Amino acid sequence: MYLKIGNTVLTATLADNQAARELAQRLPLTLDLRDYGGFEKVGSLGFSLPRADVSVTAQPGEFVLYQGNQFVLFYGQNTWSFTRLGRIDGMTAQQLQEILGGGNVTVTLSAER
């Protein structure tokens, strides 16, 4: 899977669960994400996916499902109950912060570059 943020295209690996498989079936998607807490970007998917929430300490680059219909992309850490969706490949927290910036971002999720 690919995430396009501005002019940057990032490669990601999806989790092996039903929510990630259903997300993949709905691609491409364009999401408006807002900054939350200084460690994540969050936005509505506009639909629900199946939840398999577990207490997780999410790391920079991970993206998760929150409350069944919110897409969350981490550039910092947070521990909460989430369903894992996937992880951006090969990016540091600093690189992610530079790409995501300090405000709202538009992210396009796609199966093709």
Side-chain angles (χ1 to χ4, degrees):
M1 184 175 104
Y2 300 96
L3 290 84
K4 184 176 182 186
I5 305 164
N7 293 324
T8 303
V9 178
L10 306 172
T11 303
T13 302
L14 287 172
D16 184 16
N17 61 39
Q18 188 62 32
R21 285 187 287 276
E22 288 190 25
L23 177 67
Q25 291 174 355
R26 294 178 175 257
L27 300 180
L29 289 172
T30 299
L31 306 172
D32 293 318
L33 305 181
R34 67 187 181 288
D35 204 56
Y36 181 82
F39 53 85
E40 68 187 34
K41 303 286 186 179
V42 62
S44 176
L45 287 168
F47 53 85
S48 293
L49 293 172
R51 294 169 67 170
D53 294 344
V54 294
S55 182
V56 173
T57 299
Q59 301 295 319
E62 289 188 279
F63 48 98
V64 301
L65 178 66
Y66 175 64
Q67 295 187 337
N69 63 359
Q70 300 291 308
F71 181 89
V72 182
L73 173 58
F74 288 92
Y75 59 90
Q77 279 187 337
N78 188 28
T79 301
W80 203 259
S81 187
F82 302 116
T83 300
R84 291 186 190 268
L85 292 175
R87 177 170 186 72
I88 294 172
D89 302 330
M91 297 293 294
T92 67
Q94 182 177 350
Q95 289 170 318
L96 287 169
Q97 285 179 320
E98 290 172 9
I99 292 166
L100 293 169
N104 298 350
V105 295
T106 299
V107 177
T108 299
L109 311 176
S110 64
E112 299 177 4
R113 229 171 214 276

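These values consider heavy atoms only, across backbone and side chains, with no hydrogens, waters or symmetry-generated copies. Just so it is clear, the structure is predicted and the values come from calculations on it, not from any experiment.
- Residues satisfying the salt bridge (charged side-chain N to carboxylate O under 4.0 Å, His left out) criterion with Asp53, sequence neighbours excluded, are Arg51.
- Taken from CD1 in Ile99 to OG1 in Thr8, the straight-line distance is 5.0 Å, to the nearest 0.5 Å.
- For residues 82-105, the salt bridge (charged side-chain N to carboxylate O under 4.0 Å, His left out) pairs, not counting sequence neighbours, are Glu62-Arg84.
- Rounding to the nearest 0.5 angstrom, the gap separating the CG atom in Leu49 from the CG atom in Asn69 is 8.5 Å.
- Summarising the hydrophobic clusters (Ile, Leu, Val, Met, Phe, Trp, Tyr; side-chain heavy atoms under 4.5 Å, direct or chained), the residues clustered with Tyr2 are Val9.
- Pro60 has its side chain within reach of Gln77: a pair of non-hydrogen atoms, C-beta onward, lies under 4.5 Å apart.
- Trp80 belongs to a hydrophobic cluster whose remaining members, ordered by chain and number, are Tyr36, Phe39, Val42, Val54, Val56, Val64, Tyr66, Val72, Phe74, Phe82; membership requires side-chain heavy atoms of ILVMFWY residues under 4.5 Å apart, directly or through intermediates.
- Pairs engaging residues 2-24 under the salt bridge (charged side-chain N to carboxylate O under 4.0 Å, His left out) rule: Asp16-Arg21 [sequence neighbours left out].
- With hydrogens and angles disregarded, a donor-acceptor distance shorter than 3.5 Å links the side chain of Thr83 to the backbone of Ala52.
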Report the C-alpha separation of Ile5 and Leu100 in whole Å, then their side-chain angles, then the decisive distance to 0.1 Å, and conclude whether the side-chain contact (heavy atoms from CB on, under 4.5 Å) test is met.
CA-CA 7 Å; Ile5 305 164; Leu100 293 169; 3.7 Å; yes

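- For Thr106, the side-chain hydrogen bond (donor to acceptor under 3.5 Å, both in side chains) test picks out Asp32, with sequence neighbours left out.
- Taking Thr92 as the reference, Gln95 meet the side-chain hydrogen bond (donor to acceptor under 3.5 Å, both in side chains) condition, with sequence neighbours excluded.
- Here Leu33 contributes atom CG and Leu73 contributes atom CG; the two are 6.5 Å apart, rounded to the nearest 0.5 Å.
- Residues satisfying the side-chain contact (heavy atoms from CB on, under 4.5 Å) test with Asp35, not counting sequence neighbours, are Lys41, Tyr75.
- Atoms CD1 and OG1, on Ile88 and Thr13 in that order, are 10.5 Å from each other to the nearest 0.5 Å.
- Remark: Ser110 pairs with no residue by the side-chain hydrogen bond (donor to acceptor under 3.5 Å, both in side chains) rule, at least two apart or across chains.
- With sequence neighbours left out, Ser55 forms a side-chain hydrogen bond (donor to acceptor under 3.5 Å, both in side chains) with no residue at all.
- Take Arg26 and apply the salt bridge (charged side-chain N to carboxylate O under 4.0 Å, His left out) test, not counting sequence neighbours, and it matches no residue.
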